[in-house]
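Notes follow once the structure below has been shown.
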Amino acid sequence: MSSIVATAGRVRLAAAARTLKPRCFSSSLRRQEGENAPKPPKPIDDSTSALDYKRTLRQRPPPLPSMDLPRSRSAEEAVTNILYNTPPPSLQPFKKHVLNCLVQNEPGVLSRVSGILAGRGFNIDSLVVCRTEIRDLSRMCIVLRGQDGVVEQARRQLEDLVPVWAVLDYTDTHCIQRELLLAKVSILGPEYVEEQLLGGPTHEPRRSPHHVDPKLEREAALAQHFEHSADPEGAAPSPPPLTPSQALRLKSDNLQAVQVLSAQFGGRIVDVSEHSVIVEMCGKTKRVEAFLALLKPFGVLESARTGLMVMPRTPIKHTEEADDADEGGDVDASLLPPG
């Protein structure tokens, strides 16, 4: 009987031990809550910040744009293609694409971006890169020509680089496009451009000397005639030397013409020297090319272009009330035509 009572007592103690839970002090709970508390984001110190940013916003990319496939071929055409290894060309046209890259401001990023585009066979028409208002962020504007599908593949490959934050395609976006042109134009005319280029940094052409020995004149004319006779195609005759008064008149006329032309295109003359002027003009690429073509008859000594810079337009929000008022507003009878 005593053994049965002892066994029942052990069972009750075991059941009570199972129901008891371990007690935890408040300090351990606070320590666990502090470890699981959210932490502030890391500062932008290196290129891995761009990788973390893209990992947090990882989304499934949309499918590649459909490419135009050629027509179905017959068996003879397929065998000929296999034998001569000439795949049919894509029917998709080549057009200009504008890519805007947001990259980490660190050494070596430009070479990596240009290396990927060069590896895919793209010829970069223009590339503009500069630091933005944020110290660690730079902005690239790349202009190239290619097919939509191939350019989209290159864009995604650029976006996978570690120091690249994002790559945007502004080809079909309403943007403001600007390019800067600096052109050094001769004010003596196109006849003296070759002699100005040979004149060194001052671009000073030859002038007629005041006292010339007749014997030296005959020897120079004989040498020039001998040089022209040796050339089978015949060289263009050199322009006559300018007197100071002739040079002054030419400068005045050409300077006024260049100034009027620059004002029509929104440009201005930023430097005037003895024999040339430097013109500054900012506008779209086609407008810059048209302005440069109109400057060529004057004689362009040097020219420099910055490349295309792009910024998307901000859309204007139209309210529905304004649209309804424009469509169904009252019409003033006094504004209608007679009859």
Side-chain angles (χ1 to χ4, degrees), residues 47 50 61-70 81 84-132 137-184 280-296 300-312:
S47 58
L64 292 173
S66 59
M67 300 181 63
D68 298 334
L69 299 177
N81 176 40
Y84 293 98
N85 194 19
T86 53
S90 176
L91 302 179
Q92 210 169 31
F94 285 76
K95 66 178 183 179
K96 185 178 76 171
H97 290 262
V98 181
L99 300 181
N100 197 278
C101 305
L102 300 175
V103 301
Q104 190 77 16
N105 186 16
E106 63 180 22
V109 180
L110 179 60
S111 61
R112 297 179 66 178
V113 171
S114 59
I116 287 181
L117 295 177
R120 285 186 165 270
F122 287 109
N123 182 29
I124 300 177
D125 294 341
S126 70
L127 191 150
V128 181
V129 55
C130 189
R131 192 179 68 179
T132 60
L137 192 66
S138 295
R139 190 166 188 162
M140 290 184 187
C141 186
I142 305 173
V143 179
L144 47 86
R145 299 184 65 86
Q147 297 175 333
D148 293 340
V150 181
V151 173
E152 178 62 21
Q153 291 176 357
R155 188 196 69 81
R156 296 185 181 184
Q157 190 173 357
L158 289 175
E159 206 167 38
D160 289 338
L161 291 177
V162 174
V164 176
W165 288 77
V167 182
L168 306 175
D169 192 352
Y170 285 160
T171 303
D172 299 326
T173 307
H174 296 286
C175 299
I176 298 295
Q177 303 181 4
R178 289 296 180 269
E179 185 176 351
L180 181 66
L181 167 69
L182 290 177
K184 184 180 288 186
E280 177 190 63
M281 186 261 177
C282 181
K284 296 182 179 180
T285 302
K286 293 183 178 180
R287 191 172 179 85
V288 170
E289 292 175 353
F291 179 65
L292 192 59
L294 292 176
L295 286 179
K296 284 184 179 180
V300 178
L301 301 175
E302 297 179 46
S303 66
R305 297 167 64 173
T306 60
L308 191 66
M309 295 175 289
V310 176
M311 184 164 290

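No experiment lies behind these values; they were computed from the predicted model shown. For reference, positions follow the sequence shown, starting with 1.
Closest of all the heavy-atom pairs between V98 and D169 is O-OD1, 3.3 Å. Shown here for A166 and E159, the closest heavy-atom pair between the two residues is CA-OE2, 3.7 Å. For V151 against L144, the heavy-atom pair with the smallest separation is CG2-CD1, 3.9 Å. Between S111 and G108, the shortest heavy-atom distance links the atoms OG-O, 2.9 Å. Across every non-hydrogen atom of P312 and C175, the tightest pair is CA-SG, 3.8 Å. When all heavy atoms of L161 and V113 are compared, the pair lying nearest together is CD1-CG2, 4.3 Å.
The distance from atom CG of L117 to atom CZ of F122, rounded to the nearest 0.5 Å, is 7.0 Å. Atoms CD1 and CG, on I116 and D160 in that order, are 8.5 Å from each other to the nearest 0.5 Å. Taking CD1 from I142 and CG from L127, the interatomic distance works out to 5.0 Å, rounded to the nearest 0.5 Å. Rounding to the nearest 0.5 angstrom, the gap separating the OG1 atom in T306 from the CG atom in L182 is 8.5 Å. Rounded to the nearest 0.5 Å, atoms CD (Q104) and OG (S138) are 8.0 Å apart. Between atom NZ of residue K184 and atom CG of residue L295 there is a gap of 14.5 Å, rounded to the nearest 0.5 Å.
A salt bridge links E152 with R155: at least one charged nitrogen is closer than 4.0 Å to a carboxylate oxygen.
Tested against T285 for a side-chain hydrogen bond (donor to acceptor under 3.5 Å, both in side chains), the candidates E179, K96, Q177, R305 yield a single pass: E179. Considering V128, V167, L110 in turn, L110 is the only one that fulfils the side-chain contact (heavy atoms from CB on, under 4.5 Å) rule with M140.
A donor-acceptor pair is defined here as one N or O able to donate and one able to accept, closer than 3.5 Å; such a pair exists between the side chain of H97 and the backbone of G146.
Applying the ring pair (Phe, Tyr, Trp, His ring centres under 6.0 Å) test to F291 and every residue at least two apart in sequence or in another chain returns F265.
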Please evaluate residues N123 and R145 with respect to the criterion side-chain contact (heavy atoms from CB on, under 4.5 Å), reporting the C-alpha separation (whole Å), side-chain torsions for both, the decisive distance (0.1 Å), and the verdict.
CA-CA 7 Å; N123 182 29; R145 299 184 65 86; over 6 Å; no

Begin with the C-alpha distance, continue with both residues' side-chain angles, and end with the deciding distance and a verdict on side chain to side chain donor-acceptor pair (under 3.5 Å) for R139 and N100.
CA-CA 7 Å; R139 190 166 188 162; N100 197 278; 3.0 Å; yes

